[in-house]
Amino acid sequence: MKYSNNIDGLSDNKQIQEIYLYIKNNFLSKGEIVELGTFLGKVTKTILDAVPKKFDGRIYTYDNFVWNFNHNRKFPHLGLTKNQNFLDYVKKKIDSKKIIFKKQLIEDLKWEEKKIELLILDSPKNFDEINDVFFKLSPFFLENITKIIFLDFS
């Protein structure tokens, strides 16, 4: 099964295909999905397309949604401007009641929701930030079930 979507983003088609197939073949619908680093929503859309129809949980996706110089350099055709809040742009591309968009810096992350079955980390980018995320979220992991996908870190 070949999967792709028409959302702009930094993840390549191979990553998108792997995420899609992993969720299709392994997701149990026993907990929530948390994605850190929404950006333009390419991975978010992939998650949404891959979860089973019976999934009645939510996909929580976090980003600060502030357009910057590097974003504009990579995606000038989008017409977004430096310091612009681009959350509404992403919401228009991905419209679903299953997705909860959170405009928040990773260091301000607070989780008080249900247990987490899948955590996708595209942000944070370094060990200290990842360690902080694990400290905050690990109490909500499902023993022997929660899986973590690392997309991009240094």
Side-chain angles (χ1 to χ4, degrees), residues 1-68 70-80 84-106 109-125 129-130 133-134 136-138 140-153:
M1 172 186 292
K2 191 80 170 155
Y3 174 81
S4 65
N5 64 49
N6 62 352
I7 306 287
D8 285 305
L10 297 172
S11 297
D12 63 31
N13 287 336
K14 184 176 185 276
Q15 285 176 315
I16 294 302
Q17 180 75 17
E18 289 173 354
I19 292 166
Y20 180 82
L21 289 175
Y22 175 80
I23 294 170
K24 272 288 190 202
N25 295 323
N26 299 288
F27 190 73
L28 303 172
S29 298
K30 293 188 180 280
E32 308 293 338
I33 298 173
V34 176
E35 176 194 19
L36 300 180
T38 314
F39 190 44
L40 294 171
K42 187 173 188 105
V43 172
T44 313
K45 176 75 165 114
T46 302
I47 297 165
L48 179 64
D49 290 347
V51 293
K53 298 245 186 273
K54 67 178 179 152
F55 175 58
D56 63 355
R58 296 290 174 263
I59 302 163
Y60 294 83
T61 186
Y62 292 79
D63 205 296
N64 71 353
F65 297 102
V66 176
W67 199 251
N68 66 38
N70 287 325
H71 297 149
N72 202 54
R73 200 178 48 151
K74 292 175 185 172
F75 299 97
H77 64 281
L78 298 181
L80 298 168
Q84 178 180 348
N85 176 336
F86 63 96
L87 176 55
D88 286 339
Y89 173 87
V90 176
K91 283 182 173 181
K92 286 178 189 169
K93 294 279 184 181
I94 309 166
D95 183 24
S96 172
K97 295 193 183 323
K98 288 184 188 257
I99 299 176
I100 309 296
F101 292 95
K102 298 280 193 172
K103 183 177 176 9
Q104 188 174 38
L105 295 172
I106 298 304
L109 178 66
K110 289 181 178 53
W111 183 258
E112 298 171 355
E113 304 297 330
K114 298 176 183 175
K115 294 291 186 175
I116 299 168
E117 180 175 345
L118 180 62
L119 174 61
I120 299 177
L121 296 174
D122 194 10
S123 178
K125 302 294 188 194
E129 292 172 339
I130 291 171
V133 165
F134 275 79
K136 291 174 180 176
L137 297 183
S138 63
F140 300 95
F141 291 175
L142 293 159
E143 189 173 343
N144 298 319
I145 293 177
T146 298
K147 301 296 185 254
I148 301 162
I149 297 174
F150 290 91
L151 289 180
D152 178 21
F153 67 95

**Q.** Nearest atoms (heavy-atom pairs only) where H71 meets V66
**A.** CE1-O, 3.5 Å
**Q.** Check: I16 main-chain N/O paired with S11 side-chain donor or acceptor under 3.5 Å
**A.** no
Q) Knowing that exactly one of Y62, F75, F65 qualifies, which makes a ring pair (Phe, Tyr, Trp, His ring centres under 6.0 Å) with F39? A) F75
**Q.** side-chain contact (heavy atoms from CB on, under 4.5 Å) partner of L121, the single match among I148, L151, I149
**A.** I148
Q. Ignoring hydrogens and geometry, is there a side-chain-to-backbone donor-acceptor pair from E117 to S29 under 3.5 Å?
A. yes
Q) Taking atom OH of Y3 and atom NZ of K24, what is their separation to the nearest 0.5 Å? A) 10.0 Å
Q. Of the non-hydrogen atoms in I33 and I47, which two are nearest, and what is the gap between them?
A. CD1-CG2, 3.7 Å
**Q.** By side-chain hydrogen bond (donor to acceptor under 3.5 Å, both in side chains) - contacts of T38 (at least two apart)
**A.** T61
Q) Less than 6.0 Å separating the ring centroids of Y89 and W67? A) no
Q: Mind checking the CG-OG1 spacing from L21 to T46? Nearest 0.5 Å is all I need.
A: 10.5 Å
Q: Working to the nearest 0.5 Å, report the span between CZ of F141 and CG of L119.
A: 5.0 Å
Q.
Please enumerate all residues that pass side chain to side chain contact (heavy atoms under 4.5 Å, CB included) together with D12, with sequence neighbours excluded.
A. K14, Q15
Q: Report the distance from atom NZ of K114 to atom CZ of F140, rounding to the nearest 0.5 Å.
A: 13.5 Å
Q | Flag, side chain of D122 to backbone of E35, donor-acceptor distance under 3.5 Å | A | no
Output side-chain donor-acceptor pairs under 3.5 Å for residues 93-106, partner residues at least two apart or in another chain, one line each.
unit_1, atom_1, unit_2, atom_2, d
S96, OG, K98, N, 3.1
K98, NZ, F55, O, 2.3
K103, NZ, N64, O, 2.6
Q104, NE2, D108, O, 2.9

Q) Short question: side chain of E32, backbone of R58 - any donor-acceptor pair under 3.5 Å? A) yes
